[in-house]
Amino acid sequence: MMIGFKAKIYVPWDMGAKLVHWANGQRRVRNGKVAEFLDAYAAAIDSLQAGGEFRIEVDQAYSRIQKLEENRWLETVPSGVKRNGVFCGKASTDRWFGTRFDANAGLDGELSGQPRYASRKDGIRLWLTREFFIIRGERIYIGDGTKKGANDIGWFKWDRPFGFRGDPASIHLAMIREGTGEKDPSLWTISFSYDDGVTPLSEEELRDAFLALSPEEQERVTVGHDRGVVLTDADSDGFTRAWTPEQLEHMDQVERKIRHLQKKRARQVMGSRNSRKTARQIGKLQAHLANCRENHAHHVSADNIRKGVETGRKVQVFEKLNLKAMTKSPEPKPDGETGNFLPNGSAAKAGLNRAILQRGCMGRIRRYTEYKARRANMLVVDVDPRNTSRTCPQCGHVAAENRRTQADFVCVQCGHAANADLNAAIIIKARGLELLRSGGFRTANEIEAEKKAARKAARAVKDADSAEPADAANATVTEGTETPNPKGRKGGRRKACSGNGRNGQVNRRWKIFHTQGRLTPIR
């Protein structure tokens, strides 16, 4: 199973400057290959419109890019780093061209957008393959390992322990903050993935193993989870997880500090040095809050899996929450008589949205539990969240009056009383069992296959509607032909461009012209 790892490393200023030099060279080569592809593509379009053959030939050599006068500095960049830049550029063009134009690829054309030029604003990123690094325990050496030592960077140690049990083929480095001198090192992140040799069971195998159990065993191996704001996670076994008072007080202090700095920046001259300094301070504090939420979600998800392994759980059931709809602002309520707006509870809803997004960590907990469960051979199931906090597990009565307060649940029909979150977790577990037993659970592979089939069918219908009556093999280029705008956009009618076979169908949907070595698509 592929395992991902990410950590921070502090790089001395002089070593960081060399890594930045490598990253700039890799980006320049990558952009050069993208430019070569776009030029070749424009030439192929011109050839097709002139009645010739649509053909694109782009090799993987970077010597032409390095020979340019403005790129002479690339000679000091290791050849392996430049080779990786060529691969990145070719991969980006192949993803777009292959998925959109290759009729034999069997893809739906929605995997990648048109390649663009990378800039320094996108961040300093460097991709190194195996010949440029050595990992020993919690340390990593970066360099080419030659006797001359011209491209030797040095040894670094990441900021957290890691039980390394694999051999990554490549690593990715990204600069978070650039150092300013010998006493101020640069901060980078290192990330990679490796195969630990463990082969987990597929979702289909886990589902079949669950259905082979007796009803009593199915009850025992299933646990439901209710996510909330006060209690971050409550399961059907009665175990709860929440922020500690110290953590909440610390986050409140950071938020007050952010509000203070935001008011301070509002009084400063926009674009001044003090304004930029205050903006950096706000960014650091906001990143700290994001790290706190990330850390809490990882701890909760790890506790879910650890407890599941200890108690023999095999199925983790969650609500399928639509967080985007849950945190949507209320619609305004205009007064038809006076023209003013009536109170719509937007202030209270804003506070609830802030609590859901900053305290609940609902989406993160679900995602992190899922990938951790896969390694532990556990199945994660999503169920309908409607009325889970209003349903009585004893008599099944559903009423809004059952949920008297945020924490109390008292059934108005049978009198059953319990904690509202724990009661909801029991209902979620029952729905998960019903979904699995009824055969309504669909694995990720089955859902993706259904979506892919639906997209292919929709594309076939679209291509059939746009196909010309004449034989595609004998189709000719038509200049200036007017076709109606199928999407009803402003501008009325647009020109059509046809060609041979599959490429002609795509060209009719796109008008592509060549401007200074770049292609600009107009839908």
Side-chain angles (χ1 to χ4, degrees), residues 215-216 218-245 247-248 296-297 300-301 303-304 307-308 311 313 315-323 325-328 330 343-363 365-366 369 380-438 440:
E216 295 77 11
Q218 292 177 355
E219 289 272 356
R220 188 186 65 82
V221 300
T222 305
V223 59
H225 295 272
D226 178 68
R227 292 162 290 169
V229 176
V230 178
L231 293 180
T232 308
D233 185 274
D235 61 30
S236 55
D237 294 335
F239 188 72
T240 61
R241 305 159 190 86
W243 295 91
T244 64
Q247 290 174 333
L248 294 176
H296 182 69
V300 172
S301 59
D303 287 342
N304 290 338
K307 181 177 177 294
T311 57
R313 307 298 182 185
V315 179
Q316 307 274 346
V317 187
F318 288 88
E319 294 173 296
K320 190 175 183 179
L321 300 176
N322 187 355
L323 296 178
M326 291 172 58
T327 56
K328 185 179 180 180
N344 61 348
S346 59
K349 188 63 170 64
L352 178 60
N353 294 346
R354 191 182 309 111
I356 292 175
L357 296 174
Q358 298 185 1
R359 296 288 192 271
C361 305
M362 299 179 184
I365 292 174
R366 165 64 177 78
T369 302
V380 177
V381 179
D382 293 322
V383 297
D384 188 357
R386 287 177 292 184
N387 294 324
T388 53
S389 61
R390 300 175 179 179
T391 304
C392 178
Q394 300 293 333
C395 63
H397 179 64
V398 181
E401 294 77 12
N402 291 346
R403 184 77 178 263
R404 297 188 175 183
T405 63
Q406 186 278 326
D408 298 327
F409 178 92
V410 179
C411 180
V412 297
Q413 181 168 310
C414 68
H416 171 70
N419 179 274
D421 294 327
L422 297 177
N423 182 82
I426 296 174
I427 299 298
I428 293 170
K429 174 184 175 179
R431 291 187 180 181
L433 288 169
E434 181 182 359
L435 181 67
L436 287 168
R437 291 168 178 171
S438 63

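Basis for what follows: all heavy atoms, side chains included, without hydrogens, waters or symmetry-related copies. Small disclaimer: the values here were computed from a predicted structure and weren't measured.
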Between [X] and [Y] (side chain of the first, backbone of the second, donor and acceptor by atom type, cut-off under 3.5 Å), is there such a pair?
| X | Y | answer |
| --- | --- | --- |
| Arg227 | Glu319 | yes |
| Arg403 | Gln406 | yes |
| Asp421 | Ala407 | no |
| Asp226 | Ala425 | no |
| Asn423 | Thr391 | yes |
| Asn402 | Arg390 | yes |
| Thr222 | Glu219 | no |
| Arg359 | Cys361 | no |

ask   = Do Asp235 and Arg241 sit within salt-bridge range, that is, some charged N less than 4.0 Å from a carboxylate O?
value =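 Here Asp235 pairs with Arg241 in a salt bridge, since their nearest N and O are under 4.0 Å apart.
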
Determine the minimum heavy-atom distance between [X] and [Y], stating which atoms define it.
| X | Y | answer |
| --- | --- | --- |
| Ser236 | Lys429 | OG-CD, 3.6 Å |
| Lys349 | Met326 | NZ-O, 2.7 Å |
| Trp243 | Gln358 | CZ2-O, 4.4 Å |
| Cys411 | His397 | SG-CB, 4.1 Å |
| Ala234 | Leu422 | CB-CD2, 3.8 Å |

ask   = Taking atom CG of Asp233 and atom CZ of Arg366, what is their separation to the nearest 0.5 Å?
value =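 Asp233 CG to Arg366 CZ: 12.5 Å, rounded to 0.5 Å.
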
key: Distance (rounded to the nearest 0.5 Å) between Asn419 CG and Leu231 CG   =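 With rounding to 0.5 Å, CG (Asn419) is 6.0 Å from CG (Leu231).
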
request  = Return yes when atom CZ of Arg437 has more than 12 non-hydrogen atoms of other residues, nucleotides or ligands closer than 6.0 Å, and no otherwise.
outcome  =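 Atom CZ in Arg437 is packed in, count exceeds 12.
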
message = Can you confirm whether Glu434 is buried at CD, in the sense that more than 12 heavy atoms of other residues, nucleotides or ligands lie under 6.0 Å from that atom?
response =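 Counting neighbours around CD of Glu434, 12 or fewer heavy atoms of other residues, nucleotides or ligands fall under 6.0 Å, so no.
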
ask   = Among Ser389, Pro393, Cys392, whose side chain to side chain contact (heavy atoms under 4.5 Å, CB included) with Ile427 holds?
value =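 Exactly one option meets the side chain to side chain contact (heavy atoms under 4.5 Å, CB included) with Ile427, and it is Pro393.
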
message = Can you tell me which residue among Ile428, Asn304, Val380 is in a side chain to side chain contact (heavy atoms under 4.5 Å, CB included) with His225?
response =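 When Ile428, Asn304, Val380 are each tested with His225, the side chain to side chain contact (heavy atoms under 4.5 Å, CB included) holds only for Asn304.
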
Going by heavy atoms in the side chains, are [X] and [Y] under 4.5 Å from each other?
| X | Y | answer |
| --- | --- | --- |
| Gln218 | Leu436 | no |
| Val229 | Met362 | yes |
| Asp384 | Arg431 | yes |

inquiry  = Can you see whether Thr369 engages Gln316 through a side-chain donor-acceptor pair at a distance of less than 3.5 angstrom?
reply    =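 The answer is no; no qualifying pair exists.
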
